[in-house]
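Source: prediction; values computed, not measured. In the text below, chain A, chain B and the rest are named by the order of the sequence lines, each starting its count at 1.
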Amino acid sequence: MNTRPGKNAFVVFIHKLGSPPWFYQFAGKLIPWFWALFIVLTLGGLYLGLFDSPADYQQGESVRIMYIHVPAAWMSMLIYGAMAVMGFVALVWRIRMMEILAMSSAPIGAAFTLAALISGSLWGRPTWGTYWVWDARLTSELVLLFLFIGVMALYHAFDEPRKAARAACLLALVGLVNLPIIHFSVKWWNTLHQGSSISATDSTIHPSMLWPLLIMAVATKFFYAANVLTRARVVLLEQDVRKAWVQDAIDKKTTPLQKEGSDS
Amino acid sequence: MNPPVHNTRVSRAFFALLRRDLLLAFRRRTELLLPVMFLLVVVSLFPLGIGPEPALLGRIAPGVLWIAALLATVISLESLFRSDFEDGTLEQYVISGHPLTVIVLAKILAHWLVAGLPLVLMSPLLAIWMNLPRPSMGVMVASLALATPILSFIGAIGAGLTVSLRRGGQLLSLLVFPLYVPVLIVATGGIMAAADGLPYGAFLGLLTAGLIASLTLAPFAAAAALKISLS
Amino acid sequence: MLAVSQITLERHFQPVFEPLDFHLDRGAVLLITGANGCGKTTLIRLLAGILTPTSGTLLSSAQGTAYVGHSLAIKDDLSVAENVRFVRDFHDTRRHSVDEVIFRAGLHRVAHQPARTLSAGQRKRCALVRLLLIPAELWLLDEPYSSLDDEGIELVDGLLAEHVQLGGSCVLASHGRHRPGIKDRTEIELISGAHRL
């Protein structure tokens with residue numbers, strides 16, 4: 001038996017995370033903080049990015065799309081990775097909370113991927129003179145979007161929620177193994193075909209542009225954390241609606257007056 | 001009462017299954033022709049849609065042949081586990097005590113022999129139709145021979161995940177096409193390199209590596225997918 | 001041979017049946033009864049390892065398990081003999097010959113016909129008699145008597161009696177009135193835990 005306190009605390013924490021009532025309360029406490037941090041950081045980052053940083057000498061004002069595009073693209077990949085890793089844990093140890101978190105991540109990841117694609121093509125208009133170029137980055141993002149859509153479509157195709165989550169988690173994991181191969185093959189394909197791509201972010205970046213970018217990158221992480229926990233809480237309530245702890249949670253939220261109203 | 005499962009017993013099960021699946025395919029031999037006919041029809045649509053100009057056809061030939069092969073494979077994959085799932089044979093595999101990965105491997109091999117190999121054999125004819133440059137003919141056949149099994153292996157995961165769904169076919173293609181992107185890129189890249197007189201060894205090497213990787217990893221994922229579908 | 005404690009399975013977060021405890025000895029038969037939809041098939045599939053329990057434990061010391069469910073695992077395009085031979089080759093057993101097994105089921109007249117031409121009762125016999133070719137101590141039979149005539153029911157009872165005599169065990173689910181004539185026989189009536197609205 002290992003009785004090191006550090007390990008014990010960690011094991012206890014993981015165990016607690018798997019318990020729906022505890023997770024519900026714990027996440028409920030974190031969510032307001034995450035939203036607050038997201039709003040503060042986003043306002044700060046956007047102010048610095050949109051008003052307090054210089055325009056690019058080549059691209060002009062359109063470079064400011066970067067403060068949305070690049071964090072969104074980073075998040076799309078990070079969320080896919082997080083989803084697949086949580087899916088792996090869910091499959092191996094059959095932890096329901098992990099299934100819920102992985103599946104709650106998919107729509108957020110897909111939304112970030114879509115945001116990266118749209119901002120990328122808007123950025124492409126002034127830079128390349130067209131909305132879409134089969135540039136390596138955009139193409140990779142497009143394939144990533146297909147992977148997210150596949151996971152979500154599979155999840156919604158099943159009738160039984162646990163089975164659906166396990167199937168979709170497995171698909172996410174297979175996608176994760178493939179993702180680096182897809183990424184490098186698309187990059188290679190791009191050089192192979194000598195596309196007209198002007199890499200938009202390969203020039204060295206000035207600190208006045210780097211700071212807002214980094215702040216936005218951190219802000220999007222808090223957005224993801226707040227969003228995924230909120231979604232997971234809703235899914236938990238839906239799934240456990242007939243269990244006692246959900247009734248308790250609802251009772252705590254409703255005042256006696258509201259209860260009377262709902263009874264009549 | 002019984003000896004534990006030995007390797008010889010597992011290999012007997014593997015060959016029994018392979019033999020039965022080939023026999024079943026032979027009983028329905030008109031269906032065997034469907035993937036090949038599909039390939040033929042799809043490829044013939046391209047000259048009709050684009051125009052018969054030989055130089056243009058030759059340039060797009062690698063992509064056209066490969067995309068058609070990809071579609072033909074995915075369409076045939078839908079039936080990979082379907083009948084075993086519906087008639088209860090899949091449950092018998094699970095309970096037999098034989099490793100499900102080995103069973104999946106036998107199923108995929110049988111499937112490739114009846115659905116994948118004919119595509120490879122048919123491809124030179126299609127290459128002539130599409131005016132594929134002569135020097136790249138061999139590479140095209142080699143790329144199909146090496147990489148259609150990769151499509152079968154990866155596709156088996158998707159087939160396992162969707163087998164319990166009523167309309168699994170369309171979903172299956174949505175799930176596996178993104179995973180096929182690297183195969184498509186490397187295979188067509190190799191054929192184009194050969195057409196331009198460039199070295200193509202690296203491309204075939206990559207496909208071989210992909211074949212070995214998918215051979216070792218995909219059966220495990222497909223077996224896990226089948227277990228989920230049965231639950 | 002089988003020890004089950006507090007086992008249950010949830011579908012849509014509702015237990016299919018109340019948590020269940022039982023154990024099964026060597027040479028014993030357990031009969032699971034209950035109304036339609038009470039979870040008999042689910043329980044058998046849990047014991048078979050096809051489903052994983054949501055909670056509870058299941059310990060099996062059986063050398064091999066065989067299962068005959070609602071889907072009989074018979075290939076319509078193969079003949080009866082080919083269907084039986086596949087099971088023998090797949091399990092690599094030499095205890096009985098294919099002809100012997102087919103004769104036992106009374107299917108020798110149709111042995112070389114495609115299985116698609118068989119009646120429901122004949123299919124059932126074909127599936128059940130293949131148990132002789134599967135090296136398994138534990139048999140899990142889901143409604144083995146359904147769609148069988150008197151002769152078929154006798155066949156099942158005969159197979160069961162031999163299996164038990166050799167030290168094998170069996171769990172069988174049935175909603176009918178027929179009971180196999182085995183001495184060491186216990187019954188569990190399954191009561192549904194989920195009352196769907």
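Two residues are said to be in side-chain contact when any heavy atoms from C-beta on lie closer than 4.5 Å; B:Val94 and B:Glu91 fail this criterion. At a threshold of 4.5 Å between non-hydrogen side-chain atoms, the residues B:Leu105 and B:Thr101 do not count as touching.
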Between B:Trp112 and B:Thr148, does a side chain to side chain donor-acceptor pair (under 3.5 Å) hold up when you go through it step by step? CA-CA 8 Å; B:Trp112 183 78; B:Thr148 47; 3.0 Å; yes
Go through the steps for B:Val64 and B:Trp129 under the test side chain to side chain contact (heavy atoms under 4.5 Å, CB included), then give the verdict. CA-CA 11 Å; B:Val64 169; B:Trp129 271 10; over 6 Å; no
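The salt bridge (Lys or Arg N to Asp or Glu O under 4.0 Å) search around B:Glu86 returns none, not counting sequence neighbours. Not a single salt bridge (Lys or Arg N to Asp or Glu O under 4.0 Å) links A:Glu141 to another residue, sequence neighbours left out.
For the atom pair B:Leu226 CG and B:Ser231 OG, the distance stands at 11.0 Å (nearest 0.5 Å). B:Leu184 contributes atom CG, which lies 13.0 Å from atom CG of B:Leu179 (distance to the nearest 0.5 angstrom).
Residue A:Leu91 touches chain B through its side chain alone, counting heavy-atom pairs closer than 4.5 Å. Within the 4.5 angstrom heavy-atom criterion, only side-chain atoms of B:Leu206, from C-beta onward, approach chain A. Residue A:Phe158 touches chain B through both its backbone and its side chain, counting heavy-atom pairs closer than 4.5 Å.
The contact list for residues 158-173 of chain B toward chain A, using heavy atoms and a distance under 4.5 Å, reads B:Leu161, B:Thr162, B:Ser164, B:Leu165, B:Leu171 by residue number. Within residues 49-57 of chain B, no residue has any heavy atom under 4.5 Å from a heavy atom of chain A.
Of the listed residues (B:Ile154, B:Leu175, B:Val183), the one with the most heavy-atom contacts under 4.5 Å to chain A is B:Leu175. Among B:Ser229, B:Ala221, B:Ala213, the residue making the largest number of heavy-atom pairs under 4.5 Å with chain A is B:Ser229. Comparing A:Ile149, A:Val177, A:Leu154, A:Leu147 by heavy-atom pairs within less than 4.5 Å of chain B, the highest count is held by A:Leu154. Heavy-atom pairs under 4.5 Å with chain B peak, among A:Gly150, A:Gly175, A:Ser185, at A:Ser185.
Taking the six-membered ring for Trp and the full ring otherwise, A:Trp188 and B:Phe203 have centroids separated by under 6.0 Å.
Of all the heavy atoms in B:Ala110 and B:Asp21, the pair that sits closest is CB-CB, 3.6 Å.
Ring orientation note: the planes of A:Trp93 and A:Phe88 are nearly perpendicular, at an angle over 60° on the 30°/60° scale. The aromatic rings of B:Phe177 and B:Tyr180 stand perpendicular to each other, their planes meeting at an angle above 60°, with 30° marking the opposite boundary.
Judged by distance alone, the side chains of A:Trp245 and A:Asp240 do bring a donor and an acceptor atom under 3.5 Å apart.
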